[in-house]
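Presented below is the structure to which this report refers.
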Amino acid sequence: MKLLVTGGAGFIGTNFVYHILAAHPEDEIVVLDKLTYAGNIENIAPVRNDPRFRFVKGDICDAAIVDDLVKHADAVVHFAAESHVDRSIKDASPFVMTNVVGTQTLLDACRRNGNVRFHHVSTDEVFGSLGQRGMFSETSPYDPRSPYSASKAAADHLVRAAWHTHALPVTISNCSNNYGPYQFPEKLIPLCITHLLENKKIPIYGDGMNVRDWLAVEDHCRGVDLALRHGRMGETYCFGGRSERTNSEIAQRILREMGCGRERMEFVTDRQGHDRRYAIDFSKAEKEFGWSPETPFLHGLRKTIDWYKANVDWWKNIQNGTYREYDELQSISK
Ligand code: NAD
Ligand code: TDX
């Protein structure tokens, strides 16, 4: 299969590229990525000379580039997004542009080029916030509460509208919080690890009792791959990690794993509109194509800590803004 992977230089997209190249030797991948602050060409540099792989720097809102690439694709797997809730609270406009307008630009190109297969990667945050009990599933009503989740919800609706109105062959997946290698160090787990490696304190918002369901990124990538090949058109699939933890538990576990005391964690001002709890019922994906999370949380967390310890240059270069630029890498790639 020839795949167009949007956002393939970001956290999950990078892991997905490596998953596909290893699991499907017959597949070809073109990555379209704008290389925003969150996209890093270094992530996929090791495969830049693989004949099955090509990188294109560009914006998913640019209809001409998108059209040109969709034309040669059997399927689009859409990861590109503005993804950080805190940034969306400060400025929602790039979220509306990329997550909403960008998604529609891709859908239009898929229609124009003979109804190309489209898989949309979304989030459990579109369903809002849970109390102490219950889980989100594919039938949960939409109730997004941050500018980020509202923009992802809008994108989900546009994808579903393309199926109902134009019979565009689409699937959607909504997953819980991912963790693993290549995650930008603004997100909770890599932020905790890198702060401790730099002798800083871990900032925990509010009372630390907000709950997230942690999913190893490799399990998520396997789920997206299965939904792409075995999902039913027009359907949504939820992926969760079966690993609910409070933020305080996450911080304390990382402290313990890294040999640090509780004094290295501090409670700070809460996030505005902070969703209390997410949890996912993934039984539909399990029943329809045999997906379930395989990575035990502690095992995945230890591997993630080891990765950040072994790749200090990767995250220090991000912090200093000194990673190699796309053009520089292109010039040394042949
Ligand atoms: P990320 O921020 O690490 O990466 C996003 C990538 O998209 C970057 O490479 C960036 O350069 C690229 N991009 C941004 N705007 C673009 C544009 N206009 N045109 C082309 N490329 C653009 O994000 P991530 O954590 O890898 O998330 C990937 C997807 O998964 C997103 O759609 C996100 O909403 C969804 N998701 C993430 C999580 C999570 O825990 N990280 C959980 C659920 C869903
Ligand atoms: O410094 C911090 N301190 C803290 O307590 C940060 C960065 C976060 N938090 C809390 C907020 C959340 O309750 O930790 C939890 C996780 O925060 P993030 O890592 O920012 O993730 P979240 O807001 O839950 O959203 C993530 O999961 C769903 C991704 O960023 C989204 O892209 C995805 O859709």
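This one's a predicted model, so the numbers in the text were calculated from it and none came from an experiment. Indexing begins at 1, ligand by ligand and atom by atom, following the structure's order. All residue numbers in this chain count up from 1 along the given sequence.
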query: Identify the closest protein heavy atom to atom 43 (C) of ligand 1: which residue and atom is it, and at what distance?
result: Cys175 SG, 3.1 Å
message: Within the 3.5 Å criterion, strictly below it, is a donor on Trp314 or Asn43 matched to an acceptor on the partner's side chain?
response: yes
task: List the closest protein heavy-atom neighbour of atom 10 (C) of ligand 2: residue, atom name, distance to the nearest 0.1 Å.
output: Asn247 ND2, 3.4 Å
- prompt: Can you tell me the protein heavy atom closest to atom 3 (N) of ligand 2 and the distance?
  reply: Pro203 O, 2.9 Å
query: Hey, are Asp225 and Arg229 close enough for a salt bridge, meaning a charged N less than 4.0 Å from a carboxylate O?
result: yes
Parallel, tilted or perpendicular: rings of Trp214 and Phe297 (30°, 60°): tilted
- prompt: Would you call the rings of Phe127 and Tyr142 parallel, tilted or perpendicular, where under 30° means parallel and over 60° means perpendicular?
  reply: perpendicular
- prompt: What residue and heavy atom of the protein are closest to atom 26 (O) of ligand 1, and at what distance?
  reply: Ile12 N, 2.8 Å
- prompt: Does ligand 1 have an atom under 4.0 Å from some heavy atom of Tyr182?
  reply: no
query: Ion pair present between Arg232 and Glu288, side-chain N to carboxylate O less than 4.0 angstrom?
result: yes
- request: Determine whether any heavy atom of Cys61 lies closer than 4.0 Å to an atom of ligand 1.
  value: no
message: If we only consider heavy atoms of Phe79, is any one of them less than 4.0 Å away from an atom in ligand 1?
response: yes
field: Met209 atom CE, over 12 foreign heavy atoms within 6.0 Å
entry: no
message: Below 4.0 Å, non-hydrogen atoms only: which portion of Asn178 touches ligand 2? Side chain, backbone, both or neither.
response: neither
message: I'd like to know whether ligand 1 has Ser122 as a neighbour, heavy-atom separation below 4.0 Å.
response: yes
query: Is Asp86 in polar range of ligand 2, meaning some N or O pair under 3.5 Å apart?
result: no
query: Under 3.5 Å, N or O to N or O, is Gly10 touching ligand 1 that way?
result: yes
Pair Arg52 + Asp27: basic N to acidic O under 4.0 Å: no
query: Has ligand 1 got any nitrogen or oxygen that is less than 3.5 angstrom from a nitrogen or oxygen of Lys187?
result: no
message: For a quick test of reading the model, state the closest non-hydrogen atom pair linking His195 to Arg264 and the distance between them.
response: O-NH2, 4.2 Å
- line: heavy-atom search around atom 28 (C) of ligand 2 in the protein gives Glu125 OE2, 2.9 Å
Polar proximity ligand 2 side, Tyr205 side, N/O cut 3.5 Å exclusive: yes
task: Pick whichever of Thr6, Thr36, Val66 has a heavy atom sitting closest to atom 10 (C) of ligand 1.
output: Thr36
task: Using distance alone, determine whether Tyr278 and ligand 2 share an N or O pair under 3.5 Å.
output: no
- prompt: So, Thr139 and Ser137: side-chain donor and acceptor under 3.5 Å apart, yes or no?
  reply: yes
query: Do Tyr205 and Asn210 have side-chain atoms, one donor and one acceptor, less than 3.5 Å apart?
result: no
- prompt: Among Ser151, Ala81, Ser83, which residue places a heavy atom closest to atom 2 (O) of ligand 1?
  reply: Ser83
NZ/NE/NH1/NH2 to OD/OE distance under 4.0 Å, Glu82 and Lys34: no
task: Quick one: look at Lys152 and ligand 1, take heavy-atom pairs under 4.0 Å, and tell me if it's side chain, backbone, both or neither.
output: side chain
query: Do His84 and Phe184 have ring centres separated by under 6.0 Å?
result: no
- prompt: Quick one: does Arg271 get an N or O within less than 3.5 Å of an N or O on ligand 2?
  reply: yes
- request: Could you tell me whether Val85 approaches ligand 2 through its side chain, its backbone, both or neither, with non-hydrogen atoms closer than 4.0 Å?
  value: side chain
task: Return a yes/no value for Phe11: is any of its N or O atoms, backbone included, closer than 3.5 angstrom to an N or O of ligand 1?
output: yes
query: How far is atom 21 (N) of ligand 1 from its nearest protein heavy atom, and which residue and atom is that?
result: Lys34 N, 3.0 Å
Protein heavy-atom partner closest to atom 21 (O) of ligand 2 - residue, atom, separation in Å: Asn177 ND2, 3.4 Å
message: Below a 4.0 angstrom heavy-atom separation, can you tell me which part of Tyr278, side chain or backbone, both or neither, approaches ligand 1?
response: neither
field: Heavy-atom neighbours of Arg245 CZ exceed 12 at 6.0 Å
entry: yes
- prompt: Is it the side chain (CB and beyond), the backbone, both or neither of His274 that lies under 4.0 Å from ligand 2, heavy atoms counted?
  reply: side chain
- request: Check the surroundings of atom CE in Met97: do more than 12 heavy atoms from other residues, nucleotides or ligands lie under 6.0 Å from it?
  value: no
query: Applying a 4.0 Å heavy-atom criterion (strictly less than), which segment of Leu35 is in contact with ligand 1: side chain, backbone, both, or neither?
result: backbone
task: Using a strict cut-off of 4.0 Å, indicate which atoms of ligand 2 neighbour a heavy atom of Thr123.
output: 28 (C), 33 (C), 34 (O)
field: Leu191: numbered ligand 2 atoms lying under 4.0 Å from its heavy atoms
entry: 1 (O)
Heteroatom proximity flag, Tyr148 to ligand 2, N/O under 3.5 Å: yes
Ion pair check, Arg253 and Glu257, cut-off under 4.0 Å: yes
- request: Name all residues meeting the salt bridge (Lys or Arg N to Asp or Glu O under 4.0 Å) criterion together with Glu218; count only those two or more places apart in sequence or in a different chain, and write none if there are none.
  value: Lys303
field: Heavy-atom nearest neighbour in the protein, as seen from atom 7 (C) of ligand 2, with distance rounded to 0.1 Å
entry: Glu186 O, 3.2 Å
Asp33-ligand 1 polar pair, N/O distance under 3.5 Å: yes
message: In this structure, does ligand 1 have an atom that sits under 4.0 Å from one of the heavy atoms of Gly102?
response: no
Protein residue, atom and distance nearest to atom 32 (O) of ligand 2, heavy-atom basis: Ser83 O, 2.8 Å
- prompt: Within the structure, does Tyr148 bring an N/O atom to less than 3.5 angstrom of an N/O atom in ligand 1?
  reply: yes
message: Test your reading of the structure: does His78 have an N or O sitting under 3.5 Å from an N or O of ligand 1?
response: no
- prompt: Centroid-to-centroid, Phe118 to Trp163, below 6.0 Å?
  reply: no
- prompt: Is the closest N or O pair between Leu188 and ligand 2 shorter than 3.5 Å?
  reply: yes
task: Count the heavy atoms of every other residue, nucleotide or ligand shown that sit under 6.0 Å from CZ of Arg262, and state whether that count exceeds 12.
output: no
query: Does Pro94 come within less than 4.0 angstrom of ligand 1, counting non-hydrogen atoms of the residue?
result: no
field: Exercise: do Arg242 and Ser292 side chains pair donor with acceptor under 3.5 Å
entry: no
